2 protein chains.
Amino acid sequence: MNSARIDLRAIIKQEGLRYTTQREAVWRELQSSDNHRDAESIYFTLRGRSINISRATVYRTIEILVKYNLVRKLDLGDGRSRFECKLGSGHHDHLICTKCGRIDEFVNDDVEELQKSIAAENNYVLSNHIHQLFGLCENCQNEEDK
Amino acid sequence: MNSARIDLRAIIKQEGLRYTTQREAVWRELQSSDNHRDAESIYFTLRGRSINISRATVYRTIEILVKYNLVRKLDLGDGRSRFECKLGSGHHDHLICTKCGRIDEFVNDDVEELQKSIAAENNYVLSNHIHQLFGLCENCQNEEDK
DNA sequence: CTCCATAATGATAATGAATCTCATCTAATT
DNA sequence: AATTAGATGAGATTCATTATCATTATGGAG
Ligand SMILES: [Zn+2]
Ligand SMILES: [Zn+2]
Ligand SMILES: [Zn+2]
Ligand SMILES: [Zn+2]
C-alpha cells in the first residue's frame, strides 16, 4: 500500500533530515507514474499540479532517493538521466526503441550469471552493470514496411 | 599496415568530402593510441604535436569516422563520450573500474546469443547494445585492504 | 600552375543537463 | 511563539557538445 511513503519518512527522519512537501511530492510522483522519468518531466508534472518546487530541489530529492536505494538512476544514452522507483520490481535491464523511444524491460538470469563469470575471469569485483538493447520495437518495424 | 589511412581517404573522396590534414590527424591518432579516448584528449594530443586543429573539428571529424563505421562511440557514464578505432578488433564490451577508471574489454558469445533471444522474445529487431560491467579491478581491490 | 567554387576550419557563441551559491524560508523541537 | 539548522528557489555556473559565420584551403577545371 502506502508503506512506501512511510518508508521515506522513516528514512528521512532517521538520517536527521526533514520531510518536506517537495520531497514527498517527488517520491509520490516517481511511485505513481510510469518509470523511466527524467527530472524535467517530474518538475513540470509537479508544477502543473501547483506544487511549488524548483529544478534544483527535484535533482536534490532524487539524489537522496537514489542514495537510500529507493530509486534507480538510468543512463539511456540520450543525454538526460532517467529514474525508476525500485519498489515492486526486481532487477531488470532495458530494451529501447531507437525510433519511438519506447522502453521495455527484461529479466534474464543467464546473462546475470555470465556477467559474474566474466567479472571473475577478469578479476573484477562487480558492483553494478548497464545492459541495454537498442533496436526497433514491433510497432516501429511495421511502420518501416510502408 | 596503413590500409586504414587509404580507407579513410577513399571513403572521404567517394563522398565528395575533402581529405584534410585535420581529418587525417584525428584518424591517425585514434588508430595509433590507446582506445577509449575522449575528444578533449585527442584535441590536446594533436595540439601538443603542433597540429593546428580546433575542438569543433575534432568533434566533426569523429562524427564522420563514426558515421562510416571506422570508430565506435562509447558512453561509459562519466559525462564524456569515448571513442575507439574499430579496425583490428572485433566487437567487444567493457569492464570499468569505478575507482581508477581502468577499462578492460571482454568478448562473450553466450551473452551475445542471449541478447538475440531476448530481443526476439520482445519482438525487437536489434541494432546495437550497451553492455558494461562496473566494479573494482584487481589493483583497486588490493588497495582496499590497507 | 592558376583560378575558382565550395567544403572545411577556427574562434566564439550557444545549448542543455546538472550542480552550486546564497539569501530566504520552514520543519521540528522547546 | 521562539529558535536553529536544514531545505528551498532563483539564478549563476559548469562542462561537454553543437551551432554560427567569417575566413581559409582543397581539389578539379582550364
Ligand atoms: Zn518503436
Ligand atoms: Zn526499468
Ligand atoms: Zn581500478
Ligand atoms: Zn573497447
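Fair warning: this is a prediction, and the values are worked out from it, not measured in the lab.
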For the base of [N], is there a side-chain donor-acceptor partner from [X] under 3.5 Å away?
X: Arg60(B); N: dG10(C); result: yes
X: Arg18(A); N: dG6(D); result: yes
X: Arg55(A); N: dA18(C); result: no

Euclidean distance, atom [atom1] of residue [X] to atom [atom2] of [N] [Å, nearest integer]:
X: Glu63(B); N: dA16(D); atom1: CD; atom2: P; result: 19 Å
X: Ile62(A); N: dT19(C); atom1: CD1; atom2: P; result: 10 Å
X: Ile51(A); N: dT26(C); atom1: CD1; atom2: C1'; result: 17 Å
X: Tyr43(A); N: dA10(D); atom1: OH; atom2: P; result: 7 Å
X: Phe44(A); N: dA17(C); atom1: CZ; atom2: P; result: 10 Å
X: Ile64(B); N: dA7(C); atom1: CD1; atom2: C1'; result: 10 Å
X: Tyr19(B); N: dT9(C); atom1: OH; atom2: C1'; result: 17 Å

Taking 4.0 Å as the cut-off, does a side-chain nitrogen or oxygen of [X] come that near to OP1 or OP2 on [N]?
X: Ser81(B); N: dT17(D); value: yes
X: Lys13(A); N: dA27(C); value: no
X: Thr57(B); N: dG10(C); value: yes
X: Arg23(B); N: dT9(C); value: yes
X: Gln22(A); N: dT26(C); value: no

Out of [options], which has the shortest distance to the side chain of [X]?
X: Ile53(B); options: dG10(C), dG9(D), dA8(C); result: dG10(C)
X: Thr20(B); options: dG9(D), dA8(C), dA18(C); result: dA8(C)
X: Tyr59(B); options: dA10(D), dA16(D), dA17(C); result: dA16(D)

Counting any heavy atom closer than 4.0 Å, what does [X] reach on the DNA or RNA strands: base, sugar-phosphate only, or nothing?
X: Asp38(B); answer: nothing
X: Arg80(A); answer: sugar-phosphate
X: Glu40(B); answer: nothing

[X]/[Y] ion pair, N-O < 4.0 Å:
X: Asp93(A); Y: Arg72(A); answer: yes
X: Asp75(A); Y: Lys73(A); answer: no
X: Glu113(B); Y: Lys116(B); answer: yes

Of His129(A), Glu105(A), Lys86(A), which meets side chain to side chain contact (heavy atoms under 4.5 Å, CB included) against His91(A)? His129(A)
Only one of Ile64(A), Thr21(A), Thr61(A) clears side chain to side chain contact (heavy atoms under 4.5 Å, CB included) with Val26(A); which? Thr61(A)
Give me the ring orientation class for His131(B) and His131(A): parallel if the planes are under 30° apart, tilted from 30 to 60°, perpendicular past 60°. parallel
